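The model shown is predicted, which means the values in this text are computed figures rather than measured ones.
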Amino acid sequence: MSKTEPTTLLFHGDLRATLAGDHRVSPLGHETRTQAKLVDTFDTELAHAGMLLVAAEDSLTLLDAGGAETRQDSARAGFIDEMAEGPVTDILAKRVSPLRRLLDLVAAEMCAQDVALRDAKDRLLCHGHLRLLTTKDGHQVSLLGLRPLSGRKGDFRRLVKHLRSDPSLCPPRQALEALAPGVTAYQPKPDVPLLPDMPAFDAASAIIAAHLPVARANEPGIIADHDSEFLHDYRVALRKIRSVLSLFKGVYSPEQVADLKARLSALMSVTGLLRDLDVYLIERPRYVQMVPDSLRPGVGLLFNHFARERHGAHDALCRHLQSETYAAEIAALQDLFANPRERLSRGDEADHPARDYARQLIRKRYRKVRKIARAIDADTADAEIHQLRIQCKKLRYLMEFFAPLFGKAEMKRLIKALKKLQDNLGDFNDSVVQQEALSSVTGRLTDTDHDGQLEIARSIGALTTVLHQRQDAERARVMQTFAAFDAPKTRAGFKALLEPQIGSD
């Protein structure tokens, strides 16, 4: 089943009581009650995209900000790749990362009833279907599906226009917030208010303070093991904090930086094995397709081994995250950056105005990226290409950190150009790292019999050959993608960004 209502609007509260003006909702027929759930990714990707997903009675209903409603029967939410085919799944596949699992965010009772909308003179304007969602805490949202009367399209358009101006109307994100306050607050890339003349010390401390809660917000999802992206977001948040300490040179004292980097590295090291295994398991279908049919049983055995390793790695990380030692350490870090001026040691650049300091850092990293990339050719060592990838990542972090100081629109365009080069370099690096990792697996196959080990070894040999071929192909693309990044329009964008500090190239 596809779209069932020409227009479905969302409203705060019970529309039967809240609809204002010269219009009212009158019931038709009996009311039915069922249990429903509001479904989204952990980072509420759908709500931020202007969509609301409701699961009830083994069906999914998707509403968007424009009033379109799409329904799919015999469907359960989960990973998109594992969901039944249908119109809702088709829409979600274009919006939701295949690595993100759709989760139940809030439960509600859904009361449904056919209704009529009438004006002040009791004239029938249209028929509709009203669904009232009520949570156990008493939060309510109304879903009103409207059907025009035959030959009354003009009246219908005027009614819809009137309803869209009603003060209780709410877009999907507000509707989800109304039912579950605070649920859409999580942002993996938090907005950090920065001012051009604020000291670099304050800017760095604010960026770190904003990313610590991002890491912490992912802890329950890592432990519950909903999907691998919780750990990914956790690691990225900690990596960005560590990058601030490395890139913002002179803001903190050398002793303070060394201490904080060591503490963050200790937190990160516990997560490495699980993340590596997650990456392998996510890529399983691609690995299977890399080798001929005769070697695929060996690939299956290899991934069975990875799955067993992952179980142990996840248990170990959960024990770490639930330990008193971890709780004390992460809380101590948050306390440091809650009162940075009192608790952190300042460096020589601490009072450097933030925007001037940002231009200095971005200029230095941008020039380094261009210098390395322009020297790459067919004979360049893997280590040099890896170094370019690292410099690109550092440049991107700086640009994201300081975007509020320069105007997000222009910075977004430059970051988009950089990301294409990063994607290419990331694919190259993945091919290299995966070859190295596969070569180390054989010595860890203590949970596999001798014949199985031989079969896995043959599959690893075939996979390594294919990965090496992909590495060569990605290397050849690096020069092309850098040329696109180094185009005149992008160079002009960087020049405008850094103009107060530099002249022409």
Side-chain angles (χ1 to χ4, degrees), residues 94 97-100 188-189 228-229 232-233 235-236 239-240 243 246-247 272 275-276 278-287 289-290 361-401 403 410-439 463-495 497 505:
K94 299 174 183 177
S97 164
L99 306 181
R100 269 291 190 220
K189 295 181 180 179
S228 64
E229 291 298 280
H232 173 69
D233 281 10
R235 283 170 54 84
V236 169
R239 189 185 302 128
K240 286 184 175 181
S243 293
S246 298
L247 295 171
R275 181 56 186 167
D276 289 344
D278 279 343
V279 171
Y280 282 128
L281 292 167
I282 289 167
E283 293 290 326
R284 179 172 185 157
R286 189 169 70 91
Y287 273 89
Q289 293 300 319
M290 284 183 184
L361 296 182
I362 293 172
R363 179 177 71 250
K364 177 181 177 181
R365 203 60 53 181
Y366 175 56
R367 285 176 170 173
K368 190 168 288 189
V369 165
R370 294 181 70 193
K371 181 179 178 181
I372 296 173
R374 286 177 169 180
I376 288 176
D377 58 28
D379 298 320
T380 301
D382 292 348
E384 195 70 8
I385 298 177
H386 178 62
Q387 185 61 29
L388 175 60
R389 174 176 169 270
I390 292 173
Q391 295 302 327
C392 285
K393 181 180 290 187
K394 290 179 177 180
L395 174 60
R396 181 173 173 182
Y397 282 166
L398 286 171
M399 294 170 71
E400 289 178 343
F401 291 151
E410 175 60 17
M411 191 68 86
K412 185 176 181 180
R413 186 183 70 79
L414 295 174
I415 290 173
K416 184 178 180 181
L418 176 60
K419 187 177 183 300
K420 293 179 180 179
L421 176 58
Q422 278 190 284
D423 289 344
N424 175 201
L425 292 167
D427 291 340
F428 174 86
N429 185 68
D430 288 346
S431 298
V432 175
V433 171
Q434 288 168 18
Q435 289 175 72
E436 294 173 351
L438 287 173
S439 67
L463 288 170
T464 301
T465 299
V466 176
L467 287 168
H468 185 72
Q469 293 170 348
R470 294 194 174 191
Q471 175 189 339
D472 289 341
E474 292 300 332
R475 174 199 291 276
R477 286 183 56 224
V478 168
M479 290 177 282
Q480 297 174 350
T481 52
F482 173 71
F485 169 71
D486 203 34
K489 185 177 181 180
T490 305
R491 291 203 306 273
F494 273 99
K495 182 179 178 181
L497 183 75
D505 272 347

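With values rounded to the nearest 0.5 angstrom, L361 atom CG is found 11.5 Å from K394 atom NZ. Annotation: the span from R413 atom CZ to T490 atom OG1 amounts to 5.5 Å, rounded to 0.5 Å. In this structure, the separation between OG1 on T465 and CE on M290 is 11.5 Å, given to the nearest 0.5 Å. Atom-to-atom distance recorded for F482:CZ and L418:CG is 10.5 Å, nearest 0.5 angstrom. In this structure, NE2 in H468 is found 4.5 Å from CG in D472, a value given to the nearest 0.5 Å. From L421, atom CG reaches atom CG of L388 across 5.5 Å, with rounding to the nearest 0.5 Å.
Residue M479 comes nearest to D377 through the heavy atom pair SD-CA, 3.7 Å, listed as atom of the first residue, atom of the second, then distance. Residue R275 comes nearest to S228 through the heavy atom pair NH1-O, 3.7 Å, listed as atom of the first residue, atom of the second, then distance. Closest approach of E436 to S439, counting heavy atoms only: O-OG, 2.6 Å. Taking all atoms of both residues into account, the shortest heavy-atom contact from M411 to I362 is CE-CD1, 4.5 Å.
Among residues at least two apart or in separate chains, salt bridge (charged side-chain N to carboxylate O under 4.0 Å, His left out) pairs with a member in residues 381-393 are D382-R475.
Q387 places no side-chain N or O within 3.5 Å of a backbone atom of A383 that could act as its donor or acceptor partner. The backbone N or O of V432 sits nowhere less than 3.5 Å from a side-chain atom of N429 that would complete a donor-acceptor pair. At least one donor-acceptor pair under 3.5 Å links the side chain of S243 to the backbone N or O of R239.
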| task | Could you please spell out the steps behind the salt bridge (charged side-chain N to carboxylate O under 4.0 Å, His left out) verdict for E400 and R396? | result | CA-CA 6 Å; E400 289 178 343; R396 181 173 173 182; 3.1 Å; yes
| message | I'd like to know whether D430 forms a side-chain contact (heavy atoms from CB on, under 4.5 Å) with E283, so could you lay out the CA-CA distance, the side-chain angles of the two residues, the decisive distance to 0.1 Å, and finally the verdict. | response | CA-CA 11 Å; D430 288 346; E283 293 290 326; over 6 Å; no
| request: In sequence, state the C-alpha distance, the side-chain angles, and the governing distance for N424 and T481, and then conclude on side-chain hydrogen bond (donor to acceptor under 3.5 Å, both in side chains). | output: CA-CA 7 Å; N424 175 201; T481 52; 2.7 Å; yes
| request: Show your reasoning for whether salt bridge (charged side-chain N to carboxylate O under 4.0 Å, His left out) applies to D427 and R470. | output: CA-CA 9 Å; D427 291 340; R470 294 194 174 191; over 6 Å; no
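Between Y366 and F494, the ring planes lie parallel to each other; the angle is under 30°, not in the 30° to 60° tilted range.
Contact check for R365 versus L247: side-chain heavy atoms found under the 4.5 Å cut-off. In this structure, the side chains of F401 and K240 come closer than 4.5 Å at one or more pairs of heavy atoms. Side-chain contact between L497 and E410: absent, with no pair of heavy atoms (C-beta onward) separated by less than 4.5 Å. No side-chain heavy atom of E474 sits less than 4.5 Å from a side-chain heavy atom of I385.
A salt bridge links D233 and R100; the closest N-O separation between the charged side-chain nitrogens and carboxylate oxygens is under 4.0 Å.
When the ring pair (Phe, Tyr, Trp, His ring centres under 6.0 Å) test is applied to Y287, the partners found at least two apart in sequence or on another chain are F303.
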